[in-house]
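First comes the structure, then the notes that go with it.
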Amino acid sequence: MTGNAPLLEIRDLRTWFPVRRGLLNRLVGHVKAVDGVSLHVMGGETLGLVGESGCGKTTLGRSIAGLERPRSGQILFQGTDMKVLSRAERKRAARHLQMIFQDPAASLNPRLTVLDALTEGLQEHGLLEGSREAEGARLLAEVGLPPEALYRYPFEFSGGQRQRISLARAISLRPALVVCDEPVSSLDVSVQAQVINLLMDLREKHRLSYLFISHDLSVVRHLSDRIAVMYLGRIVEEGPAETVMGSPLHPYTQALLAAVLAPGQPRGRKLVLPGEPPSPLNPPSGCPFHARCPKAMDQCRLDYPPASATETRRVHCHLYPPRVPDPAPLLAP
Ligand SMILES: Nc1ncnc2c1ncn2[C@@H]1O[C@H](COP(=O)(O)OP(=O)(O)OP(=O)(O)O)[C@@H](O)[C@H]1O
Ligand SMILES: [Mg+2]
């Protein structure tokens with residue numbers, strides 16, 4: 001892979017869920033959870049993904065991790081389209097791409113001891129060097145847990161400790177990218193800071209890239225190099241973390257920031273903006289944010305805004321017309 005090629009590139013990805021109704025289980029439509037997302041993550045980079053509840057963040061993360069089957073689009077990981085790989089090749093490639101969840105129970109089988117949880121992947125991929133116990137203890141030490149934890153079950157640990165174990169499991173296969181879906185949202189604030197510090201230490205030590213999904217903008221800002229803002233299945237704004245947070249362009253990003261920065265707001269709560277987000281089952285025409293947008297114009301009800309992009313920043317909003325490239329120089333007669 002060349003230095004400038006993205007580690008992960010997503011092109012026009014769509015993941016829809018069929019909706020069936022009635023006795024005959026008739027297909028009545030689709031929830032367009034991810035509806036035309038393009039993104040990239042560079043090696044060693046953290047991309048923060050933010051947006052209100054239900055906008056499709058988890059579905060996007062699960063699609064990247066191979067846990068949902070996209071309906072169309074491409075996921076290129078380390079330059080290879082995952083779809084064209086055979087099952088065995090996909091399995092081999094997938095170890096470089098791990099996911100951790102808000103609820104660590106989703107990544108930890110309650111019937112497996114920590115030792116089994118940490119070493120089953122290594123055994124499956126033939127990567128176990130030395131004894132299982134030694135490798136398990138080494139992984140636990142990386143996440144700040146003592147070796148005695150190896151012989152216990154997930155339910156015997158606190159939420160923060162369980163998230164440490166899921167992280168140890170995720171890094172056991174030496175991945176290049178970890179999709180972190182709200183990894184600290186269910187933890188107490190004091191424990192959140194410890195797990196965030198651990199995420200940053202591991203990132204540094206193993207040169208990990210993260211796709212970091214969270215509704216907590218202060219955490220995302222702290223951790224991310226770049227931020228993508230998602231609304232109703234699409235990315236509406238994307239750019240360097242400091243620029244997106246410091247001078248948001250899209251009225252939706254501006255509203256998100258205003259809601260979070262309003263005085264007296266408790267940190268880490270779910271993002272709630274005035275007005276209901278429209279249903280992804282029946283998205284409105286034009287820009288899906290138009291009904292809630294204080295700056296909506298006639299055009300916003302009609303057409304989806306094309307990207308207006310500079311080298312580092314992209315926004316989909318009719319307030320910012322796309323840049324017209326310079327005309328090609330005329331050939332001399
Ligand atoms: N398995 C599924 N079947 C049908 N619909 C689904 C499924 N999973 C998610 N959805 C729907 O897809 C949309 C996006 O959901 P998703 O969980 O990806 O959002 P999210 O941004 O992660 O929300 P949150 O912040 O609450 O975690 C929602 O309307 C949700 O109801
Ligand atoms: Mg989610």
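One is the number of the first residue; the rest follow in order along the sequence.
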Run R132 and D116 through salt bridge (charged side-chain N to carboxylate O under 4.0 Å, His left out) and show every step you take.
CA-CA 9 Å; R132 290 170 72 223; D116 290 337; 2.4 Å; yes

Where do R95 and E124 land on the salt bridge (charged side-chain N to carboxylate O under 4.0 Å, His left out) test, with the steps shown first?
CA-CA 10 Å; R95 89 171 165 85; E124 206 175 307; over 6 Å; no

List the steps and the verdict of side-chain hydrogen bond (donor to acceptor under 3.5 Å, both in side chains) for E237 and T253.
CA-CA 7 Å; E237 179 162 6; T253 318; 2.8 Å; yes

One pair to check against side chain to side chain contact (heavy atoms under 4.5 Å, CB included): T113 and Y151. What are the steps and the verdict?
CA-CA 6 Å; T113 61; Y151 306 100; 5.8 Å; no

Apply salt bridge (charged side-chain N to carboxylate O under 4.0 Å, His left out) to E45 and R226, showing your working.
CA-CA 8 Å; E45 182 182 55; R226 286 188 301 117; 2.9 Å; yes

Please assess E52 against R292 for the test salt bridge (charged side-chain N to carboxylate O under 4.0 Å, His left out), listing each intermediate value before the final yes or no.
CA-CA 13 Å; E52 282 168 291; R292 301 166 84 194; 3.0 Å; yes

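Formation of a donor-acceptor pair under 3.5 Å by the T119 side chain with backbone atoms of L122 is not found in this model. Without hydrogens or angle criteria, Q254 side chain to L249 main chain gives a donor-acceptor distance under 3.5 Å. For H40 (side chain) and R11 (main-chain N/O), no donor-acceptor pair under 3.5 Å exists by modelled atom type. At distances below 3.5 Å, not a single donor-acceptor pair connects side-chain atoms of Q98 with backbone N or O atoms of R169.
When only modelled atom types and interatomic distance are considered, D216 and S214 share no side-chain donor-acceptor pair under 3.5 Å. Looking only at atom types and distance, the side chain of D181 has a donor-acceptor partner in the side chain of T58 under 3.5 Å away. Side-chain atoms of H96 and Q78 form no donor-acceptor pair, as typed in the model, at a separation below 3.5 Å.
Side-chain contact between V34 and M230 is present, with heavy atoms from C-beta onward closer than 4.5 Å. Looking only at side-chain heavy atoms (C-beta outward), I213 and C180 stay at 4.5 Å or farther from each other. Looking only at side-chain heavy atoms (C-beta outward), V178 and M99 stay at 4.5 Å or farther from each other.
Counting heavy atoms of neighbouring residues, nucleotides and ligands inside a 6.0 Å radius, atom NE2 of H222 does not exceed 12 of them. No more than 12 heavy-atom neighbours from other residues, nucleotides or ligands sit within 6.0 angstrom of CG on L24.
Sorted by first then second residue, the side-chain hydrogen bond (donor to acceptor under 3.5 Å, both in side chains) pairs that include residues 63-73, not counting sequence neighbours, are T15-S63, R62-E68. Residue pairs that meet the ring pair (Phe, Tyr, Trp, His ring centres under 6.0 Å) test with at least one member in residues 291-317, sequence neighbours left out, are Y304-H316.
No salt bridge links R203 with D201; every basic N to acidic carboxylate O contact stays at or beyond 4.0 Å.
Shown here for K57 and G51, the closest heavy-atom pair between the two residues is NZ-O, 3.0 Å. Heavy-atom minimum distance, A228 versus L39: CB-CD2, 3.8 Å.
The aromatic rings of F289 and Y231 sit perpendicular, their planes meeting at an angle over 60°, well past the 30° parallel limit. In this structure, Y153 and F155 have parallel ring planes: the angle between them is below the 30° cut-off, well short of the 60° mark.
Residues satisfying the side-chain contact (heavy atoms from CB on, under 4.5 Å) test with T80, not counting sequence neighbours, are L85.
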